[in-house]
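These notes concern the structure reproduced below.
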There are 2 protein chains.
Amino acid sequence: MSSQLIKEAALKLFAENGYEGTSLAQIGEEIGMKKQSIYSHFTSKDDLFLAVLEDAFVVEQQHKQDYLKQHLDEPLHDFLIKTLYRYIERFQDDNRLKFWLRVSFFPPAHLYEEVMNYLYRYIDQVDSLYLKRFQRAIELNEIKKIEADTANMAFSALIDSICVELVYGGTERSEKKLQAAWQVYWAGISSVS
Amino acid sequence: MSSQLIKEAALKLFAENGYEGTSLAQIGEEIGMKKQSIYSHFTSKDDLFLAVLEDAFVVEQQHKQDYLKQHLDEPLHDFLIKTLYRYIERFQDDNRLKFWLRVSFFPPAHLYEEVMNYLYRYIDQVDSLYLKRFQRAIELNEIKKIEADTANMAFSALIDSICVELVYGGTERSEKKLQAAWQVYWAGISSVS
DNA sequence: CAATAGCTGACGAACGGTCGTCAGGAGGGA
DNA sequence: TCCCTCCTGACGACCGTTCGTCAGCTATTG
């Protein structure tokens, strides 16, 4: 199905050049198709963008859910650090994550509400899933003397910082920074301060 | 001088809508001027953008340097947390920071090298200044059992995460997250783990 | 089986609009 | 007087979008 091809090309170009920086002609060229033909599959550029966004959201959400269910029973330390490294791995060859970061940072102005609607749903879901894991960690004495909510938000801040580094730093810089930040973070939530 | 007016309007609009999302007509309208008149002051859109970028870089660099020299002798704890809160304050009513964040995350593709050139110079400078402060902190026993480099990179990750939250979260969410991340960070670098 | 009718995806041409760009002129201060 | 600033008018290029068309497939029909 060529709707799928179009969406994949659009995903890649939107991720690299943003909404305004990507023309339908470029998307068509990417898959050997004239821009007019895109209108056989989508009613407008916005329609295409929102379809890509919807897809990215659904896949990302499902992906996260599956991943969490699969690794939730590992020791907290292993679980968290594995989560962080996954971001670095995925960013390299997965346009979905790149797209997701770009549009949630700087969405096209006239689609701000739609984008933020997806984004907040995603954040809320992820936050609550991780929070449960932190609460269990406290019950199991994996970490001490810290609010689950605090550990959770600080971890989410850690993820944010990796994303930043991925967007403008290289991979090796991201890894170095990740190691440093992780060392401090883990010391912080497992200390008895 | 109206070159200055143009640059200020451009700074604001580039910060809010990005390079591709900002037209010269909009910039002109912002200061009651036709887009054609902008060409009396700048040879092209790129020229204007690079001028704004240069300004933002110089001012930001100077600003940071002054700030550091002024507060470098405070206790590490106060110095660091004050630095973090400054980001939140400045983001609200200083377009320069907003502009700086946006273009370093997602620069216009054809000006990638120029932007990154400034960015890396800025990062290197800031990194080395903070590193010195951390080294002194270790000598003064303000923090213990941790490499200055590690504490420095983790702190820089903390700043990154604040920037992320500022870009797409609200101010109150940024502050909550900052408090959590800071609590864990400070526990981490001052623990004896 | 073959003939026919309808549907679909892709494309050339062209629309109105906006972009960045440039030449040329009006106005005013030194 | 001569610059400098700002304006106007016009330009080609490209944007997203629409229209009409045409080839190829599918299904129906006799």
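If you're wondering where the values come from, they're calculated on a predicted model, not measured in any experiment.
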Quick test of your reading: applying side chain to side chain donor-acceptor pair (under 3.5 Å), list the pairs with at least one residue in residues 95-117 of chain A, sequence neighbours left out, ordered by first then second residue.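 Passing the test, one end in residues 95-117 of chain A: A:D46-A:H110.
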Could you tell me the separation between the [atom1] atom of [X] and the [atom2] atom of [N], rounded to a whole number of Å?
X	N	atom1	atom2	result
B:E20	D:dC14	CD	C1'	14 Å
A:I38	C:dG12	CD1	P	14 Å
A:L48	D:dC15	CG	P	15 Å
A:H110	D:dC15	NE2	C1'	13 Å
B:K34	D:dA10	NZ	C1'	15 Å
B:Q4	D:dT5	CD	P	14 Å

Respond yes when some side-chain nitrogen or oxygen of [X] is under 4.0 Å from OP1 or OP2 of [N], and no when none is.
X	N	answer
B:S37	D:dC7	yes
B:S40	D:dC6	no
A:H41	C:dT8	no

With sequence neighbours excluded, what pairs up with [X] under the side-chain contact (heavy atoms from CB on, under 4.5 Å) test?
X	result
B:K132	B:Q135
B:E30	B:A9, B:K12, B:L13
B:Q179	B:Y85

Partners meeting ring-ring contact (aromatic ring centres under 6.0 Å, His included) with B:H71 (sequence neighbours left out):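 B:H71 satisfies ring-ring contact (aromatic ring centres under 6.0 Å, His included) with B:Y67 once adjacent residues are dropped.
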Which residues share a salt bridge (charged side-chain N to carboxylate O under 4.0 Å, His left out) with A:K176, sequence neighbours left out: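 Here no residue qualifies.
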Decide side chain to side chain contact (heavy atoms under 4.5 Å, CB included) for B:F91 and B:T171; before the verdict, give the C-alpha distance in whole Å, the side-chain angles of both, and the deciding distance to 0.1 Å. CA-CA 9 Å; B:F91 191 78; B:T171 304; over 6 Å; no
Which part of the nucleic acid, if any, lies within reach of B:G32 when heavy atoms closer than 4.0 Å are counted: base, sugar-phosphate only, or nothing?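 Sugar-phosphate: the residue B:G32, judged by heavy atoms under 4.0 Å, touches backbone atoms but no base.
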Can you give one letter per nucleotide of nucleotides 13-30 of chain C, going 5' to 3': B for a protein heavy atom under 4.0 Å from the base, S for sugar-phosphate only, - for none? B-----BBBB--------
Any chance the rings of B:Y130 and B:F155 have centres within less than 6.0 Å?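 Distance test on ring centres: under 6.0 Å, yes.
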Degree of bending in the helix from C:dC1-D:dG30 to C:dA30-D:dT1 once both end axes are built from five pairs, to 10°: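 Both end axes considered, the difference amounts to 10°.
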Considering only residues two or more places apart or on different chains, which pairs with a residue in residues 51-65 of chain A satisfy salt bridge (Lys or Arg N to Asp or Glu O under 4.0 Å)?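 Matches after skipping sequence neighbours: A:K7-A:D55, A:E60-A:R90.
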